[in-house]
Amino acid sequence: MDYILIIISAVFVNNIVMTQFLGICPFIGVSNKVDTSMGMAGAVMFVMVIATMVTYLLQQYILEWLGIPFMQTVVFILVIAALVQLVEIILKKVSPAMYQALGIFLPLITTNCTILGVAILAVQKEYNLMESVVYAFSNAAGFGLALITFAGIREQLDLVNIPKSMKGVPIAFIIAGLLAMAFMGFAGIVK
Amino acid sequence: MLKTFSKGGIHPPENKLSAGLGIETLPLPKNVTIPLSQHLGVPAKPVVNRGDEVKAGQIIAKGDGFVSANIHSSVSGKVTKIDTETDISGYKRPCIFIETAGDEWLDGIDKTDVLKTETSLSPEEIIAKVQESGIVGMGGATFPSHVKLSVPRGKKAEFLLINGVECEPYLTADHALMLAKGEEIMVGIRIMMKALKVNKAIIGIENNKSDAIEHLKAIAAKYNNIEVCPLKVKYPQGGEKQLIKAVLNREVPSGGLPVDIGAVVFNVGTVFAVYEAVQKNKPLVERIITVTGKELKKPSNFCVRIGTPVSAFIEAAGGMPENTGKIISGGPMMGKAVINASVPVIKGSSGILLLPPEESKRKEILPCIRCAKCVSVCPMGLEPYLLMPLSQNNMFDRLEENKVLDCIECGSCSFICPANRPLLDYIRLGKTSVGKIIRSRKSS
Amino acid sequence: MNNLKNFTKGFIKENPVLVLFLGLCPTLGTSNSAINGLSMGLATTFVLVLSNVVISSISRFIPDKVRIPSYIVVIASFVTVVDFMMKAYLNTPGKNFEPSIYDQLGIFIPLIVVNCIVLGRAEAFASKNGVFASLIDGLGMGLGFAFALFMLGSVRELLGNGSILGFKFIKGDGMLMFVSPPGAFLALGFLIMLMRKLNQKLAKN
Amino acid sequence: MNKLITVSPSPHIYGKDSVSRLMYGVIIALIPALIVSVVMYGAGAIIVVMVSVASCLLFEYLIQKYILKSEIRITDGSAIVTGMLLAFNLPSNLPWWIIIIGALIAIGIGKMTFGGLGNNPFNPALVGRVFLLISFPGAMTIFPKAQGWNTPYVIPAGEIDTYTGATPLSLIKNGIKSGKGVSELLETSGLNYNDLFFGNIGGSLGEIAAFALILGLLFLLIRKIITWHIPVAVIASVFIASGILWLFSFEGNQAIMNSMGMKLPVIQFKDAEGVLKMFHMADPLFHILTGGVMLGAIFMATDYVTSPMTPRGMIIYGSLIGIITVAIRVFGSYPEGISFAILVMNGFTPLINRYVKPKRFGKEIKNG
Amino acid sequence: MRFHLMSPAQCIDHTGIVEEVNEKSVLVRFQTPPACGSCSAKSLCAPASSGNKTIEIPTETGSFSEGETVKISITKAMGNKALFYGYILPFIFVITALIITFAAGLPESVAGIISLSVLIPYYFIIYLLREKINRMFIFTLKKLT
Amino acid sequence: MAKKESNFTNMLATLLIVTFASSAALGFIYELTKKPIEDALLYKKTLAVQIVLPEFNNDPFGEAKRVAVGKDTLNIYPGRKDSVLTGVAVETSAPGYGGDIRLLIGFLPDGTIREVAVLEHKETAGLGDKILKSKSDFPLQFEGKNPDNFKLGVRKDGAGEVDAISASTITSRAYCKAVQKAYDALKKGEIENE
Amino acid sequence: MNQIIIYTIASLSILGAVSAIILYFVAQKFKVYEDPRIDEVEAALPSANCGGCGYAGCRNFAEALVKSDNFDGLFCPVGGNKTMEAIAKILGREAVAQDPLVAVLRCNGACEFRPKTTNYDGATTCAIEAALYGGDTGCQYGCLGHGDCVEVCNFDALHMDPVTGLPVVDDLKCTACGACVKACPRNLFELRKRQKKERKIYVACMNEDKGGLAKKYCAVACIGCAKCVKVCPYDAITMNNNLAFIDSEKCRLCRKCVTECPTNAIIEVGFPPRKEPQAEATVQAAQTENTSQDIVSAKKEDISTNLNKEE
Ligand SMILES: Cc1cc2nc3c(=O)[nH]c(=O)nc-3n(C[C@H](O)[C@H](O)[C@H](O)COP(=O)(O)O)c2cc1C
Ligand SMILES: Cc1cc2nc3c(=O)[nH]c(=O)nc-3n(C[C@H](O)[C@H](O)[C@H](O)COP(=O)(O)O)c2cc1C
Ligand SMILES: Cc1cc2nc3c(=O)[nH]c(=O)nc-3n(C[C@H](O)[C@H](O)[C@H](O)COP(=O)(O)O)c2cc1C
Ligand SMILES: Cc1cc2nc3c(=O)[nH]c(=O)nc-3n(C[C@H](O)[C@H](O)[C@H](O)CO)c2cc1C
Ligand code: SF4
Ligand code: SF4
Ligand code: SF4
Ligand code: SF4
Ligand code: FES
């Protein structure tokens, strides 16, 4: 039950993009096409969960143990940066063709602030490992949901004439605002 | 329940002003201008020279290539020049100009009205005869009929469908033909069944032509395997895919041909032309044409020689009304507006429609309100509201993905759009561009 | 002259938020009031200036391949320092238990690490320029960022609460939408649009 | 020849529908509900509708003229529809300046930032409404009691309780929150289905009378302005979703028990009795007749611009609206959720359009 | 290399520049997509940006020369497949492992490490199957100039 | 000096130096700020108690007491000045519209409400959040009242003498309920002068 | 030293080492190295992202420039020689100077010279009209006037003249990117070499009909009389399908052909008014016939004098 609440909360009620304001850059930058948004969502899901697991273990079993939880920021960012690179190396080594296909398929997948943010938030919320993983997963799902919906709207808007001064980023923010407003209706579903 | 096709369609006001009127024959025109491309495909090659004397029915240009057709002189007289002349769209095209002198026909052509029912020709001979006679589809597409009669190897035709639907408002040429030449049409059907080696022919006629349905039903009773199928009135039932769907409940696959599902469709006019060619040895030099319009004194159905200037029979129908805003060759849904009244009639012209100025102007284009009416009327299940901006923005891959090439250009979407959007204009543009891209992809 | 230009460009012409669209997350997340926006902006400026200075002085010694990780370590350290400072000195709740500024900025303090502006400036400017120029650049960019946050915060606070920096202009509440998350997006969208128009005007003259 | 003939690509004739004809059709369809609201709420209803429509028109005009510098198209009727529907979603005693803000948001942000009619991804009237609900929750949640012409537009200070009353939905929601059962609540408040059907209840001014809205629906269907898919999908899914939940609720179980003479609980699960006692819910008929379900399903979810283009898409869209509505009503903190539900699904409309294509004519043949 | 007459709509393209021509393959470096090209933040697009990747594409025809601009395309289906095997499947394995180890009552540190290490055999198996997998992905190279 | 080449030793060395330097600095600064941070945290924790109670110089947390009222257990923090009881802070809560409303209520020894602090709430901004002093005068009604002779209930409900926040009856009810619970706990807790 | 500090240092240093190792391998395996010159080259480019060079965007073009050994076929029409020189400097190569070009419209069929024969009432794009109709005047070669070209010009160099109904090229802004050439369904744009002081002489007509026919529908059509061919001392004019063409490489701006042309189909731009009496007639004729064209040339004169001053 708790897990379900975490999921509903992260996907609908406290959506990472629309109410927590994390991952805005890819949200604004990569959300032009529905297909790539989907790919991006899948990749972020993997990276986010793995990163959260690793940072969780580091935090609980190393930093706390050493009494230096304040090193969180430095350690997490380094670990995440290295981790993402590591995954790439492994993929390339393991199957070059697959790696290449991914490279063509996906836009740049970056260690944006979502990954770090979710890792830190999971620690702050004092979740246990399983909860952290569910939390990371559902935040990635919420990210994907926002990204894909948003990409759909933008694809549609590509075909109509919007005022020149609103084109691009401003209109993206307006849409995000209205979408966030719509999602406010879910408030209270998870107390 | 009457049969009809299942998807989309509209009900424009019928306005069949000349319905039920007989066919009048016009006096010979003084001059004829015979364009060299009256069919899809490359223009025919002239085989006469300036100054030559020609007889009616004499071949004057030979089809050049696969989907090309022969062209015959429609009158007897002298070739005054072979030159380019603006066609109905304002582009200059090669034409042969003939000055009429008498009405002498080539030997061997039987121009009497006597019905000749039996034929001894083999299928191949029939097809050769059709080709020689320069017959092209009279339903509007002017696709050379001999090509359609030669079923490609590996495919088999099961049904011959005869298109007597005439779903376009105003037009009554096919209607008049069916009433006047019922027997001939039946013979023509039998000939074509033989050529196609099919055992079953069905004539599709919309319910608003009940006299024609009764008439043909009565005659068809005498023949085996020919059936008349009344259809509910709905535009564009005359489109061959819709007709096949309505009559046979089969769908021509996207990108496929009717023969892929065992059907071949011919217009009644084409059938009559085949009859005349095979039984009377008479090439395609004249056709039935409706001249109509709300302001016109005497809307009529005429039998005219190919190459007659349009103005000649507008005269015969009571003269060009004072306020004419648009002259349309064909029906109001699919016809083409012509640039002036001096252009000649060609094999594919089924009607001349004169619209008053108020009806000939388009209304102000408003933004699409996404009312989905265009989607709901599209008989091909396309999304015109989407195709138009895709075409405007040159998004060819998405046009292709959204099946722009399936559009039959019926115009239902433009007709229905409350925002007066020129949907079909842009879809056509998109079709052309995508078609080019696909061809270049295939050739590479 | 050049330094002056470097300093001022961050405000209007190359404003990191409103023109370059960098650091959007903290912008949206911490601009529900003018004071929050300003604090976040200043915290970022602090990191930006110091990391720029440090990086410009050490970049010569750093091999290319470990450039980014080294920069990250430097930046992250400064972020942690800011975190310590704010936890120590800006962590007092208000009279009515409004959360302290530190609590309100919350997760966005550690996230300064990944703020594209910081790393971006390190990469694009500090690693190629002298210490002083980098300092000016960091200060300019940082203050430009702070300026944008402050503007956005003020707009939102004014519309949403009828006040700026806590000074009430109208009685009662404003349009509460502007202090809730959707308002952040809407306000920023319009602010960017206005900035665009302003820059166009400037470019014309 | 001075009168040139015209040439243009085919087709050469056009249907008689036009954008303004459709919009004015919607306006006509809204009239029954407007009449009911005037009868119930008196002058307040008229003031709110007038202010809303006038300011929508004005803002549309100003933006088209001075900001977009485009053609002025306020006569097409869409701004009037937006204005009326915005008004229909407001309490009949909302201060005029809040209405004007709502109109500004609806037209300015909801519609014109995207370039105007046809471009907006979200329903403008609902954008305005939800914006106001979140921005001015106080003013937006005080609903006057229906007292005909005696309902004042400005409620005299200190007499709030005499003139205002809860909407049926908030009555139920608040009641359940304080641990009361639904039947008890309905009894004490004296609500019955007749009132719900004929509009003798508190609420936004256009949503109260189901029968007037259904009249509008019939008009829209007969004039072929809308198709049945969306309204039916929304109403049916609200009915089904709330029905299923109701079966699990205390009231639903009791109803079944009464009719079949069985013992509580009908549906068995772990600690069923205990859970059921805590889970109160109104019945599905109540859910479709109250709040904005009818108004939303008939007039707002059907907005062409923001709803899917194919029948299948419309049904998916409508059903999800219904489900989200019920979810918000039952589990969320808002007593009513249809506005949010429609806006959320507006957001998904492009995706629906992308993936739910009309059935094409003819299967594709694979070449080669 | 194989030509397919697939509609371009089902494909994903990238432009790249031929970097090296080998006997059986060419090395192509992707160009930054134009959208990114004009973005002022491109060089800082985060530490792990894979903005310019070089990939090796086997071709039979040696008709490419260095410095040439080419278009690389794969089908969307292929992209999705890569995504599935590269990210989604291992993700599912990790989660499953985590659930199992949790259910088995292992302490969470152990459970975490075990489920993370599931990735090792997973990628090892992929490595063993790499020939087969490589054959799943067909790239189309097309000259642009 | 030219850029260092990217070979393994160089890279390792650089990174080690950088990390060493920054970690050393961090550790150092941590030591420096440790005290202020702890002070700030302590202040934060005790702030509410300081606000709601009159002057005290004991450690109210140290003397905290837990009292069961109905199903709940409340924390009570007595404040004393030189061992004389100056007031008692009671932490209490009740479910409001959006979630639990948590209050800390300062009572004078005679049971009069001195101050109420809202520790946490999830009420609607603009409606239920009027329980905050900064938003409306609603909470002022309670100050100086003694629940013994001030009926904690919403006037509209006929349950007491409290004027509800308009359109937020639920919040108002919850507030009253929470205060009532705190008062009950206070009575039950029987905190006396030492 | 404090224990915490030791732990801090130890853990972070270990982490540093680990990252170093990982990143070392990354560096080994991913030989991604972006030539820093790409950035420089890109900065030197006009960043119009117009595609005039044949690449998707300026950056892609920059990459191609850096990658290739010489500048064969690589040219930025927007930046022109100056840009290419700057890039050559960055890359240490020779720039191949290309003649700067400018677009000219080869149709002078303003409304007054080319009366309408029909009213076109379809979608207002040249592409659609051209696909279905020969145009609303009798000339099937001339400008349709819906401005497809204006739409595609990224540099604001094209505007529709409301009087003539023809697009006008702003020489100063035109970068010769060629977008209009591609867009025009009638192929009316030609990229010509920029000549001295922005002067130019060209045949503003594409009509291939025989003289009489051409003249019938358009007063200023080229009728293929070949008088200009004969009069040109530099062999710059060729005649093909009844249509004259002036090669901008060969033309020396002597203006003999202009006066010779019986239909004024040859246009001169940027010249001072003629003094010889015999030429005056033409100027006058031009003035009476085509005032707006005059305005255009007058404007262009200003421009060219300005240009000269700048140089
Ligand atoms: C390239 C091409 C080849 C065709 N080949 C055949 C054919 O082999 N058999 C046939 O029955 N029709 C053939 N058709 C004819 C079409 O199916 C169709 O009958 C014709 O285009 C006119 O139809 P419409 O007036 O409905 O548009 C062909 C058409 C084209 C364009
Ligand atoms: C929208 C549409 C409507 C058509 N309507 C008719 C019609 O009413 N009568 C007809 O004979 N052909 C009509 N056609 C042409 C037929 O599709 C088909 O080309 C013709 O029946 C084939 O016979 P033909 O080759 O003998 O012309 C229509 C085509 C289209 C695309
Ligand atoms: C968006 C929204 C937010 C609300 N927030 C609160 C709230 O914070 N506190 C509250 O007591 N009631 C809240 N309500 C409930 C209504 O105001 C409800 O009608 C009221 O509490 C009961 O009516 P009354 O106060 O007139 O008795 C809210 C309602 C809505 C629609
Ligand atoms: C059937 C129908 C329903 C409509 N519903 C709405 C609505 O709910 N809200 C609104 O602002 N406009 C509505 N409109 C008007 C119009 O579509 C709307 O203003 C556009 O969304 C503005 O682009 C409706 C129009 C029609 C035809
Ligand atoms: S019919 Fe017209 S307005 Fe309606 S969706 Fe289609 S294009 Fe848009
Ligand atoms: S013209 Fe084409 S798109 Fe329009 S309704 Fe007909 S088939 Fe459909
Ligand atoms: S020049 Fe060509 S593209 Fe431009 S308006 Fe004329 S016809 Fe159209
Ligand atoms: S006029 Fe033509 S060539 Fe010149 S810049 Fe514009 S589009 Fe390019
Ligand atoms: S700041 Fe870029 S993703 Fe958050």
Side-chain angles (χ1 to χ4, degrees), chain A residues 14-29 68 70-82 85 110-125 163-184 187, chain C residues 17-32 68-84 87 106-116 119 176-178 180-200:
Chain A
N14 299 311
N15 186 284
I16 185 163
V17 179
M18 290 186 282
T19 57
Q20 314 237 52
F21 305 117
L22 294 177
I24 304 292
C25 302
F27 183 62
I28 299 290
I68 49 167
F70 61 85
M71 290 300 290
Q72 201 187 44
T73 314
V74 188
V75 171
F76 279 19
I77 184 67
L78 265 184
V79 166
I80 290 173
Q85 298 265 13
T110 59
T111 44
N112 55 51
C113 59
T114 14
I115 312 256
L116 180 62
V118 167
I120 295 179
L121 280 173
V123 171
Q124 269 183 10
K125 295 197 178 229
K164 218 169 139 209
S165 55
M166 295 302 298
K167 271 203 175 114
V169 178
I171 204 72
F173 276 116
I174 303 295
I175 300 168
L178 296 180
L179 206 57
M181 193 168 95
F183 271 64
M184 275 186 84
Chain C
V17 176
L18 302 177
V19 179
L20 303 182
F21 314 127
L22 300 176
L24 295 172
C25 297
T27 305
L28 292 164
T30 63
S31 59
N32 54 358
I68 303 276
S70 316
Y71 295 174
I72 291 182
V73 171
V74 172
I75 296 169
S77 308
F78 282 117
V79 170
T80 312
V81 170
V82 169
D83 195 62
F84 289 159
K87 220 191 256 172
I107 180 89
F108 291 103
I109 302 269
L111 288 185
I112 296 176
V113 185
V114 281
N115 189 324
C116 327
L119 194 63
L176 293 169
M177 178 64 95
F178 282 101
S180 49
F185 288 109
L186 295 178
L188 186 56
F190 283 108
L191 212 57
I192 289 174
M193 182 201 69
L194 290 178
M195 197 67 170
R196 203 182 258 188
K197 289 214 152 159
L198 180 73
N199 265 331
Q200 271 166 8

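Because only heavy atoms are used, hydrogens play no part in the values below, and waters and symmetry mates are left out as well, while side chains stay in. It should be emphasised that the depicted structure is a prediction, and the values quoted were computed from it without experimental measurement. Naming: A, B, ... by sequence-line order, numbering from 1 per chain.
For C/Ser180, the part sitting under 4.5 Å from any heavy atom of chain A is the side chain, from C-beta outward, and nothing else. Using a 4.5 Å cut-off between heavy atoms, A/Met71 does not touch chain C at all. Within the 4.5 angstrom heavy-atom criterion, no atom of C/Met195 approaches chain A. For A/Gln72, no part lies under 4.5 angstrom from a heavy atom of chain C. Residue contact with chain A, scored on non-hydrogen atoms closer than 4.5 Å, is absent for C/Ala187.
To the nearest 0.5 angstrom, C/Lys197 atom NZ is 4.0 Å from A/Ser165 atom OG. Going from atom NZ of A/Lys164 over to atom CZ of C/Arg196 covers 9.5 Å, rounded to the nearest 0.5 Å. For the atom pair CD1 (C/Ile107) and CD (A/Gln20), the distance works out to 8.5 Å, reported to the nearest 0.5 Å. Here the straight-line distance linking atom CE of A/Met18 with atom CZ of C/Phe185 works out to 8.0 Å at 0.5 Å rounding.
Looking at heavy atoms from C-beta onward, A/Leu22 lies in side-chain contact with C/Phe108 at the 4.5 angstrom threshold. Contact annotation: the side chain of A/Thr73 never approaches that of C/Leu111 to less than 4.5 Å [non-hydrogen atoms, C-beta and beyond]. Under the 4.5 Å side-chain criterion, counting only non-hydrogen atoms from C-beta, A/Phe173 is in contact with C/Ile192. Counting heavy atoms from C-beta on, the side chains of A/Phe27 and C/Leu24 never come closer than 4.5 Å.
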Task: Trace of the side chain to side chain contact (heavy atoms under 4.5 Å, CB included) decision for C/Leu28 with A/Ile24 - done: CA-CA 9 Å; C/Leu28 292 164; A/Ile24 304 292; 3.7 Å; yes
- [ ] Check step by step if side chain to side chain contact (heavy atoms under 4.5 Å, CB included) holds for C/Val73 and A/Ile77.
- [x] CA-CA 8 Å; C/Val73 171; A/Ile77 184 67; over 6 Å; no
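Closest heavy-atom contact between A/Gly23 and C/Cys25: N-SG, 3.3 Å. Across A/Gly177 and C/Pro182, no two heavy atoms sit closer than the pair O-CB, 3.4 Å.
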